[in-house]
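To keep things clear, I will list the structure first and then write my remarks on it.
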Amino acid sequence: MEYYAIRHSAGMLDVSPLYKYLIKGKDALPLINKVVTRDARKLSKGQVYYTPWCDEHGKTVDDGTLWNFGDGSFRMTSAEPNLKWLQDAGMGLDVQVVDVSEDIGALALQGPSSRAILMEGADGAVQRLKYFRFVNTKFAGIPVQISRTGYTGDLGYEIWVERARAEALWDALMQHGMGHDITPAGMLALDVARIEAGLILAEVEYTPARKAVIDAQRYSPFELSLDWAVALEKGPFIGRKALLDERRRGPSRRTVGLEIDWRTVERFYWEMGLSPQPPSEPWRSKVPLHSGYRQIGWATSGCWSPLLKKYIAIATVAAPYSQVGTRMEIEVAVEWERHRAPATVVERPFFEPERKKA
């Protein structure tokens, strides 16, 4: 029900556990541009970027969002703690990095009814709010920042509020959303939605570079297929030299979307006298992928898509096998008996409705 709310009405998730950093001072922009792979100079007032950032070897430290408040200050959000990383990078610069993670609450309102709910409690600025932009406004009289962002690949918003008003905001959103079938949602529902959206997740699709034990666990943005988020032409930044070298030679592996042949999986169940059972929950584990006798990579997360009626996965494969249409085999276990089912590389996102950016 939580998943269907996200896709057919509105699901609300508490995303307050995100780490949030306020970056301000004369050298705030130089620090940010030194750290992230995108060109922060092109980030307009009121705009949000998704961006990774790397270590000196060009491996992804983390990924998150970057906000431009327009007064020379910025906000960065991340799933992992990055305060010391930012402070170390700002050594010698006139800049302050403040951890405001505990000061700001955040709620994600996602789904086709999300705009209508916000229109009931906020002003008309929400109706005009473009994709990956934010606005300062009030909801039910509570001062908030509303960003047209999210992790579901659908029409959606995130509402940011000072800690003391967070509970009141939750109650107000639930009240205004009653007529729109608003439903509180959790991680399992979010995971299905983000896999359908083809979005990567730290600790699943890649290990943050500082936490990796071996090189194979470290991924560059190119290996994560985030080429569009790397602005090598902007000038020096942490990891640029390594990324320039990698672009010249080409990444050895890529992150792709897979569609698994469900008819074959069904047959494995029938042959054992069992009714076919699509995964009831999304999974996060390394599942081997093969081409003939060679292992060419592994799937990292997957699910049965209730909306698409397809078995889909996000995977890492050797670069020669990353082209759309490439066929391979994925290991499937039925009653602990291993089989191989055909899988095909497909475009990501798997699901992208027009309303997402409309």
Heavy atoms of other groups near R248 CZ, more than 12 under 6.0 Å: yes

Sidechain N-carboxylate O distance under 4.0 Å for E80, K211: yes

R210/D55 salt bridge by N-O under 4.0 Å criterion: no

E354, CD atom: more than 12 neighbouring heavy atoms under 6.0 Å: no

N136-Q145 side chain donor-acceptor pair, cut-off 3.5 Å: yes

Straight-line distance of L201 CG to T300 OG1, nearest 0.5 Å: 9.0 Å

Any donor-acceptor N/O pair, T60 side chain to D62 backbone, under 3.5 Å: no

Cation-pi geometry met for K234 and F237 (6.0 Å, 45°): yes

R355 side-chain N/O to L155 backbone N/O, donor-acceptor pair under 3.5 Å: no

Ring-ring centroid check F134 F69, cutoff 6.0 Å: yes

Test item: D181 side-chain N/O and S9 main-chain N/O as donor-acceptor pair under 3.5 Å: no

Any donor-acceptor pair under 3.5 Å from R163 side chain to D103 backbone: no

Q127, CD: over 12 other non-hydrogen atoms inside 6.0 angstrom: no

Passing candidate, salt bridge (Lys or Arg N to Asp or Glu O under 4.0 Å) with E223, options R247, R218, R254, K59: K59

N/O donor-acceptor pair under 3.5 Å between D27 side chain and L31 backbone: no

Electrostatic pair K138:D123 at N-O distance under 4.0 angstrom: no

Enclosure of E271 CD (heavy-atom neighbours >12, cutoff 6.0 Å): yes

NZ/NE/NH1/NH2 to OD/OE distance under 4.0 Å, D261 and R263: no

E335 side chain vs E337 backbone, donor-acceptor pair below 3.5 Å: no

Check: N33 side chain, A40 main-chain N or O, donor-acceptor pair, under 3.5 Å: yes

Short side-chain to backbone donor-acceptor contact, T152 and A193, under 3.5 Å: no

Test: R148 cationic atom under 6.0 Å from Y131 six-membered ring centre, within 45° of axis: no

S301 and D191, any side-chain heavy atoms less than 4.5 Å apart: no

Heavy-atom neighbours of K356 NZ exceed 12 at 6.0 Å: yes

Expected output: side-chain Q175 to main-chain A172 donor-acceptor under 3.5 Å: no

Between D71 and S73, a side-chain donor and acceptor under 3.5 Å: yes

D245 and R249 ion-paired at < 4.0 Å: no

N/O donor-acceptor pair under 3.5 Å between K20 side chain and L18 backbone: yes

Distance-only polar pair, side chains of Y21 and Q87, donor-acceptor under 3.5 Å: no

Pair T65, W67: side-chain N/O donor-acceptor within cut-off below 3.5 Å: yes

Cation over ring face, R75 and W160, 6.0 Å, 45°: yes

